[in-house]
*Asks:* 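Quick one: structure below, then a few questions.
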Number of protein chains: 2
Amino acid sequence: MWQLFQFPLCPFSRKVRLLLGEKGVGCELIRENPWEQRDEFLDMNPAGQVPVMTDKQRSIRLMDSMAICEYLEETVEKNAMLNGTAVNRAEIRRLVAWFDSQFFADIVAPLLHERMEKRLVTKEPPDARKLRDAMKAAVRHLDYTDYLLDHHNWMAGSTMSLADLAAAAQISVADYLGGIDWKNHEQTAKWYRGFKSRPSFRPLLSERMEGIVPPRHYDDVDF
Amino acid sequence: MWQLFQFPLCPFSRKVRLLLGEKGVGCELIRENPWEQRDEFLDMNPAGQVPVMTDKQRSIRLMDSMAICEYLEETVEKNAMLNGTAVNRAEIRRLVAWFDSQFFADIVAPLLHERMEKRLVTKEPPDARKLRDAMKAAVRHLDYTDYLLDHHNWMAGSTMSLADLAAAAQISVADYLGGIDWKNHEQTAKWYRGFKSRPSFRPLLSERMEGIVPPRHYDDVDF
């Protein structure tokens, strides 16, 4: 049985959980707060990051969310999420990297720091300027996803791919933390509404992070 | 014919160039300074980052260094660098992500900012404290690579892999910028000496970035 070390608002763990859900692979969730830097966890992953996916019986330990996703793609045939020619696959991987790096750095990382870490760890109030900057960046990023979805039904082409899972993972955390203004982003909103009704996504949307309440539209499929 | 947009001290471009070299794939180098944010380049890659690899005749444009490496692995059989079982491949990808994210963020990014960008763009002097922190981080990181190389001849196992190319790319830029103290890191130094004599690595080591002189040992195979 797989075990996944994660916490509810980790966008990288969400990407892996969405892929596990789409592929129908069972997995026990283990709560890990990486900001606590537990010695046992650092021994497991020197990078100190979730997700980590383990199978004790088979002595397998996988780290780095993209390495885990590539592993699942290579070992579980069902619902392949890196499809098409080598060029199509490169475009999917480019967009996964885009959401995991650019979208995360511009939007999700500052939101997590201001609205989650400060509340849970340092008890400081959030910096209003940094929140504003993150929300402005979200407008720019959704302009880009609108553009992508103008050209095809899914982020990287005509079929759902790992790029969509990475996008939904990052966007959903930003949305939980109040960072997304859905006005004027009808293309992305339509794509996201479809995504929200997927069985792989429902368990994530119903979870809550202690002490942090999402906006009312967060888990509403018809937001 | 492939064209690679890059600049000499970009560790991500170096990783791709090492892979191209090992696979014997020809490529024309095009100089691009991403900090100039040229409109034509941003149109090409909205992330504004090098490397970008293009083949105009076939209308192929690849972005994100790992997506480019996966593409080369999928399309060029010679000298495969993602070998072994799915678990081995996950370990290679974890280490590539380790060097591209942790090693880069702790060491190479601050060195590039203090010793290259400040010199070329803002003309400020480097911040001595940040340089010291980067060099201290390099000691910790080389302790980890020593540990990896204590267990096997290459970073991820008994054969050379993309993890070694990613490591050599990041370490070589840190070394160019004077960030590596080789004392007390005999395992990593031995591995790196072997790497320096590879035909794929020689062209990189002979290149210079204008206005920035590397330490004397930088391109010496017997440093």
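Order of the sequence lines sets the chain letters (A, B, ...), proteins ahead of strands, with each chain counted from 1.
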*Asks:* Which bit of A:Arg89 is near chain B, if near means a heavy-atom gap under 4.5 Å: side chain, backbone, both or neither?
*Replies:* side chain
*Asks:* Hey, can you tell me if A:Tyr144 and A:Trp98 have their rings parallel, tilted or perpendicular (30° and 60° cut-offs)?
*Replies:* tilted
*Asks:* Counting heavy-atom pairs under 4.5 Å with chain B, which one of A:Ala90, A:Ala47, A:Ala97 comes out on top?
*Replies:* A:Ala47
*Asks:* Relative to chain A, which of B:Met66, B:Met63, B:Glu70 shows the most heavy atom pairs under 4.5 Å?
*Replies:* B:Glu70
*Asks:* Okay, side chain of A:Gln3, backbone of A:Glu28: is any donor-acceptor separation there less than 3.5 Å?
*Replies:* no
*Asks:* Is it the case that the ring center of A:Phe7 lies less than 6.0 angstrom away from the ring center of A:Trp35?
*Replies:* yes
*Asks:* Can you list the steps and then say if A:Asp164 with A:Trp191 is a side chain to side chain donor-acceptor pair (under 3.5 Å)?
*Replies:* CA-CA 9 Å; A:Asp164 297 284; A:Trp191 163 88; 3.0 Å; yes
